[in-house]
Amino acid sequence: MAEGGGKIDPMHQFLVEPLFGTQDWQIAGYNIAFTNSAMWMAVAAVGLIAFMALGTKGKLIPTRGQVMVESVVRFIDNMLASNIGPEGKRYVPYVFSLFMFILFANVLGLMPLGVLGVHPFTFTSHFTITGILAILSFAIVLVVGFWRHGLHFFSLFVPHGTPWWLLPVIPLIEFVSFMVRPFSLGLRLFVAMTAGHVLLKVLAGFVINAGNASAGIGLLVGIPSFGLMVGISALELLVAGIQAYVFALLTSLYLNDAVNLH
């Protein structure tokens, strides 16, 4: 957003705003406005459903869309098989949906053009969203752990082979480490997406201000800044995929603790 003097606020892109005149919608005193964040979550969900629809045709000679869907499903299935084992197959639908939803969210936020006049919004740059995804995954780990092992699941906090004289300390350390998992899982994605978008906006500010400067200074500052923008945009696309993969990978590792409790 350009302000006085040609300045650009790099944090304005993260502002959650109500859309379509819904700012006054309330239920029981709580505001339920349809925001830009909600809109892009809906777009990501529709994109995920549309992507899955490509793989449900079941043709003998697969289409390109079917090949793409099957390739991603196979990728997630192999990841779960290597981390959990044969039991990992039952968690493929959740981890696949989680991976693709985050991937769509990250990539949509890098679009140069908006939808219905609304500029692209990376909702994974908000800790409330990434935190909820992390808590959901953590809750599933707890449910699976207690469903499969009952109270024996608490033995997770006492690693096999722990010396007896460390028993008063190790369970506490393991418990704190376990409870920090959803926080670190959500924080990693939030920080990665926020930092990249702030850097892109700062460089965009350099390019715009260079265009308003004299010819010599404009070329000296504008061209390198634009080149960096292009390079970092490509890097952000890579980061978008990597962060979705890391989130899914860590979720599979946490599920392994719940499934294969020693």
Side-chain angles (χ1 to χ4, degrees), residues 28 30 37-38 41-42 44-45 48-49 51-52 69 72-106 123-193 242-262:
Y30 292 95
S37 178
M41 278 189 275
L48 174 57
I49 294 172
F51 180 74
M52 280 300 302
V69 174
V72 178
V73 171
R74 191 178 303 110
F75 169 73
I76 297 297
D77 182 54
N78 291 337
M79 180 179 68
L80 289 171
S82 62
N83 290 331
I84 300 177
E87 289 283 336
K89 283 189 177 295
R90 65 177 60 188
Y91 307 105
V92 168
Y94 172 70
V95 177
F96 170 83
S97 301
L98 185 68
F99 170 76
M100 291 304 302
F101 182 72
I102 295 174
L103 180 62
F104 272 107
N106 294 346
F123 57 84
T124 47
S125 64
H126 281 242
F127 188 57
T128 51
I129 305 300
T130 61
I132 288 174
L133 292 175
I135 290 172
L136 176 62
S137 298
F138 186 69
I140 291 175
V141 169
L142 291 178
V143 170
V144 170
F146 283 111
W147 174 64
R148 290 179 62 92
H149 306 287
L151 294 180
H152 182 64
F153 182 61
F154 286 112
S155 65
L156 178 68
F157 305 131
V158 184
H160 181 70
T162 302
W164 65 267
W165 50 274
L166 285 177
L167 289 178
V169 179
I170 292 299
L172 179 60
I173 295 175
E174 290 290 331
F175 177 76
V176 172
S177 174
F178 184 78
M179 296 305 296
V180 165
R181 286 181 176 183
F183 178 77
S184 62
L185 189 62
L187 186 65
R188 182 181 292 103
L189 176 59
F190 152 69
V191 169
M193 301 315 299
I242 290 175
Q243 289 302 318
Y245 168 71
V246 169
F247 203 102
L249 175 64
L250 291 177
T251 298
S252 70
L253 292 175
Y254 297 158
L255 281 168
N256 176 59
D257 289 340
V259 174
N260 300 314
L261 183 65
H262 298 293

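For the residue pair Ala248 and Phe99, the shortest heavy atom distance occurs at CB-CB, 4.0 Å. Taking both residues in full, the closest heavy atoms of Tyr254 and Val141 are given as O-CG1, 3.6 Å, listed atom of the first, atom of the second, then distance. Of all heavy-atom pairs spanning Pro182 and Ala134, the tightest one is O-CB, 3.2 Å. Nearest heavy atoms, Glu174 versus Leu156: OE1-O, 4.4 Å. For Leu133 against Tyr94, the heavy-atom pair with the smallest separation is O-OH, 4.2 Å. Among all heavy-atom pairs drawn from Asn256 and Ile84, the shortest one is OD1-CA, 3.7 Å.
In the displayed structure, Leu167 atom CG is contacted under 6.0 Å by more than 12 heavy atoms of other residues, nucleotides or ligands.
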What's the verdict on side-chain contact (heavy atoms from CB on, under 4.5 Å) for Phe127 and Phe183, showing C-alpha distance, side-chain angles and the deciding distance?
CA-CA 9 Å; Phe127 188 57; Phe183 178 77; 3.7 Å; yes
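By the salt bridge (Lys or Arg N to Asp or Glu O under 4.0 Å) test, Glu87 is found to be paired with Arg90, Arg148, residues two or more places apart in sequence or in another chain being considered.
Looking at Leu80 and Lys89, their side chains never come closer than 4.5 Å, going by heavy atoms from C-beta outward. Side-chain contact check for Leu136 versus Leu98: every heavy-atom pair is 4.5 Å or farther apart. Here the side chains of Arg181 and Asp257 are in contact, with some heavy-atom distance below 4.5 Å. The shortest distance between side-chain heavy atoms of Thr251 and Leu185 falls below 4.5 Å. Here the side chains of Ile170 and Val158 are not in contact, with every heavy-atom distance at 4.5 Å or above.
Distance check, rounded to the nearest 0.5 Å: CD1 of Ile135 to CD1 of Ile140 gives 12.5 Å. Between the OG1 atom in Thr124 and the CG atom in Leu189 there is a gap of 5.0 Å [rounded to 0.5 Å]. Here CD of Gln243 is found 10.5 Å from OG1 of Thr130. Values are rounded to the nearest 0.5 Å. The CG atom of Leu103 lies 13.5 Å from the CZ atom of Phe247; values are rounded to the nearest 0.5 Å.
Between the side chain of Ser177 and the backbone N or O of Ile173, no donor-acceptor pair lies under 3.5 Å. Using a distance-only test at 3.5 Å, with no hydrogens or angles considered, a donor-acceptor pair links the side chain of Asn83 to the main chain of Met79.
Aromatic ring centres of Phe138 and Phe178 lie closer together than 6.0 Å. The aromatic ring centres of Phe101 and Phe123 sit less than 6.0 Å apart.
Between Tyr245 and Phe75, the ring-plane angle classifies as tilted under the 30° and 60° cut-offs. Using cut-offs of 30° and 60° on the angle between ring planes, the pair His149 and Phe153 is parallel.
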